[in-house]
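Some notes on the structure that comes next.
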Amino acid sequence: MHEALFYQRLEGGQVACGLCARRCRIDVGRRGLCGVRENRDGRLVSLVYGKLVARNIDPIEKKPMFHFLPGSRSYSIATVGCNFRCRHCQNNRIAQYPQAHGGAIPGTATTPEEVVAEALRTGCASISYTYVEPTIFFEFACDCARLARERGIGNVFVSNGYMTTEAIRYLAPMLDGINIDLKAFTDEFYRTICRARLAPVLESIRLFHELGVLVEITTLIIPGLNDSEEELRTIACFLKSVSVDIPWHVTGFHPASFMLDRPPTPAATIDKAYAIGMEEGLRFVYSGNVAGAGGEDTYCPACGVTLIRRQGFKSQSVGLKGSRCSGCGIYFRSVGIREISDFGVT
């Protein structure tokens, strides 16, 4: 057990968790909705500190992060638990493990030093906190991230964006990039599909960008739920209001978990979303996860030269020279596009 960050003691032994936007009030002996933070006699503890259930070496493009060290590898870790209840979660078996197994918390005890050492040994340029919502293992992620920074390794969150302002401000100085799922643009979707709210996610996107973290956005397009032209255009307009340089990944849904009644997303829908993003003025829109949908390469928005060519999770820098476009010379470090050599990795 490890004492949690961001909580307050209340009367009667209750505690108020201030880590995610749910701000759970937790009685003695009970846990928050995430299933992994427990009130032990008026002290909030993390039950998953260092208890890893997944660790893999992934292409950074799998997160997906297209503007952070393209072509590099990322050491990816996760514990069990999640603060959402998404009906279509593809990692449901680990995300909801405690709720499905009487509160059990599996995992292999691991230290931050071991995580960073393994990332270095395997030639990874970054560590990704992913697979489940990493906010729920925040304390362990932060300890890893601090050490990684000292050793010249980047840090990436793959998140639902449901953190509190306090947690974001604490995390941002250690974080290089974050991919936030903007699942839809209605409270109804967030309430009925995820048991959450939209507003905190939008605030997180704004704040991470304001604090200088590279933000990329993913929207999984589910037929009949969030695929209308109006909703997709609203998402694109919101992102543009934050920055025209925020990459927007529009990806295809495949039936999973408790959502088996919806068909896979047609390639035409993904192409429509891609076109909408470009029409609304976003400079970098990417499509994927659907056969036949194009749109994974990165182009210079000034002159149209192909900067990065992608096939699957493989990236090849074809138009970058020291983070500059080989065609017009425009500098791209400000939007996170850096060649591996720029980061000290060969």
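In what follows, every heavy atom counts, from backbone to side chain, and hydrogens, waters and symmetry copies are set aside. Note that this is a predicted model, so its numbers are computed, not measured.
Within 6.0 Å of the CZ atom in R149, the count of heavy atoms belonging to other residues, nucleotides or ligands exceeds 12. No more than 12 heavy atoms of other residues, nucleotides or ligands lie within 6.0 Å of CG in D41, so this atom counts as exposed by the packing criterion. By the 6.0 Å contact criterion, CZ on R146 is enclosed, its count of non-hydrogen atoms from other residues, nucleotides or ligands being greater than 12.
Between I308 and V318, every side-chain heavy-atom pair lies at or beyond the 4.5 Å cut-off. For the pair F332 and C300, the minimum side-chain heavy-atom distance is below 4.5 Å. F238 is listed as a side-chain neighbour of I205, based on a closest heavy-atom distance under 4.5 Å. With a 4.5 Å cut-off on side-chain heavy atoms, L307 and S317 do not count as touching. Counting heavy atoms from C-beta on, the side chains of M1 and L47 come closer than 4.5 Å. No side-chain heavy atom of V156 sits less than 4.5 Å from a side-chain heavy atom of L175. Looking only at side-chain heavy atoms (C-beta outward), L225 and M259 come within less than 4.5 Å of each other. Side chains of L52 and T79 form a contact here, defined as non-hydrogen atoms less than 4.5 Å apart.
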Exercise for review: Could you give me the CA-CA distance, side-chain angles and deciding distance for L214 and D176, then say whether side-chain contact (heavy atoms from CB on, under 4.5 Å) is met?
Suggested key: CA-CA 6 Å; L214 171 63; D176 295 281; over 6 Å; no
Exercise for review: Show the numbers, then the answer: is there a side-chain contact (heavy atoms from CB on, under 4.5 Å) between V48 and V80?
Suggested key: CA-CA 7 Å; V48 291; V80 297; 4.1 Å; yes
**Study point:** Derivation and outcome, side chain to side chain donor-acceptor pair (under 3.5 Å), residues T110 and R55
**Key:** CA-CA 11 Å; T110 312; R55 53 181 112 190; 2.8 Å; yes
Check your understanding: Please walk me through it: do F189 and I222 pass side-chain contact (heavy atoms from CB on, under 4.5 Å)?
Key -> CA-CA 11 Å; F189 182 102; I222 305 174; 4.1 Å; yes
Check your understanding: Taking it one step at a time, do E38 and R30 satisfy side-chain contact (heavy atoms from CB on, under 4.5 Å)?
Key -> CA-CA 6 Å; E38 185 172 294; R30 305 298 296 271; over 6 Å; no
Check your understanding: Between S159 and E133, is a side chain to side chain donor-acceptor pair (under 3.5 Å) present by the stated rule, with each step listed?
Key -> CA-CA 5 Å; S159 174; E133 172 51 45; 3.0 Å; yes
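In this structure, R283 CZ and D245 CG are separated by 4.5 Å, a value rounded to the nearest 0.5 Å. Distance check: I178 CD1 to F208 CZ gives 4.0 Å after rounding to the nearest 0.5 Å. Once rounded to the nearest 0.5 Å, the distance linking SG of C325 with OH of Y331 reads 14.0 Å. Remark: L120 CG to Y75 OH distance equals 11.0 Å, nearest 0.5 Å. In this structure, L220 CG and H254 NE2 are separated by 8.5 Å, a value rounded to the nearest 0.5 Å. Y299 contributes atom OH, which lies 9.5 Å from atom CE of M278 (distance to the nearest 0.5 angstrom).
Between R37 and E3 no salt bridge is recorded (no basic side-chain N to carboxylate O distance below 4.0 Å). At a threshold of 4.0 Å, the pair E118-R121 counts as salt-bridged, since one of the basic side-chain nitrogens sits closer than that to a carboxylate oxygen. Taking 4.0 Å as the cut-off between side-chain N and carboxylate O, R233 and E279 count as a salt-bridged pair.
Note on I57 and I77: same hydrophobic cluster, where clusters join Ile, Leu, Val, Met, Phe, Trp and Tyr whose side-chain heavy atoms are under 4.5 Å apart, directly or indirectly. Both V242 and M163 belong to a single network of hydrophobic side chains, linked directly or stepwise wherever heavy atoms of I, L, V, M, F, W or Y lie under 4.5 Å apart. Hydrophobic clustering of Ile, Leu, Val, Met, Phe, Trp and Tyr side chains at less than 4.5 Å, counting indirect connections, keeps V158 apart from F313. Residues F258 and F84 do not share a hydrophobic cluster, defined by chaining ILVMFWY side chains whose heavy atoms lie under 4.5 Å apart.
E113 meets the salt bridge (Lys or Arg N to Asp or Glu O under 4.0 Å) test with no other residue; sequence neighbours excluded.
Listed here is the closest heavy atom pair of R31 and G35: NH1-O, 2.9 Å. Across every non-hydrogen atom of N160 and V201, the tightest pair is O-CG2, 3.6 Å.
In summary, the side chains of D58 and Y131 do present a donor paired with an acceptor at a separation below 3.5 Å, with no hydrogens or angles considered. Residues K62 and T130 have side chains that never bring a donor and an acceptor to within less than 3.5 angstrom of each other. Of the N and O atoms on the side chains of T251 and Y286, not one donor lies less than 3.5 Å from an acceptor on the other residue. For the residue pair R73/S126, the side-chain donor-acceptor check at 3.5 Å is not satisfied. In this structure, a donor-acceptor pair under 3.5 Å is absent between the side chains of T186 and E188. Checked by atom type, the side-chain pair Q14/D27 shows a donor-acceptor distance below 3.5 Å.
A donor-acceptor contact shorter than 3.5 Å is absent between the side chain of T192 and the backbone of Y190. Panel note: side chain R324, backbone G329; a donor-acceptor pair is recorded below 3.5 Å. Side-chain N or O atoms of N91 include none that pairs as donor or acceptor with a backbone N or O of I94 at under 3.5 Å. A donor-acceptor contact shorter than 3.5 Å links the side chain of K240 to the backbone of E280. Judged purely by atom type and a 3.5 angstrom limit, S46 has no side-chain atom pairing as donor or acceptor with the backbone of H2. Formation of a donor-acceptor pair under 3.5 Å by the Q96 side chain with backbone atoms of R93 is not found in this model.
Applying the side chain to side chain donor-acceptor pair (under 3.5 Å) rule to pairs touching residues 199-220 yields N179-T218, E216-H249, T219-W248, sequence neighbours excluded.
Taking the ring axis of F66 as reference, the NZ or CZ atom of R310 stays within 45° of it and closer than 6.0 Å to the ring centre.
For an aromatic pair to be called close, the ring centres must be under 6.0 Å apart, and F137 with Y49 fails this. F6 and Y170 have their aromatic ring centers within a separation under 6.0 angstrom.
Residues V15, I26, L44 make up the rest of the hydrophobic cluster containing Y7, defined by ILVMFWY side-chain heavy atoms closer than 4.5 Å, directly or through other members.
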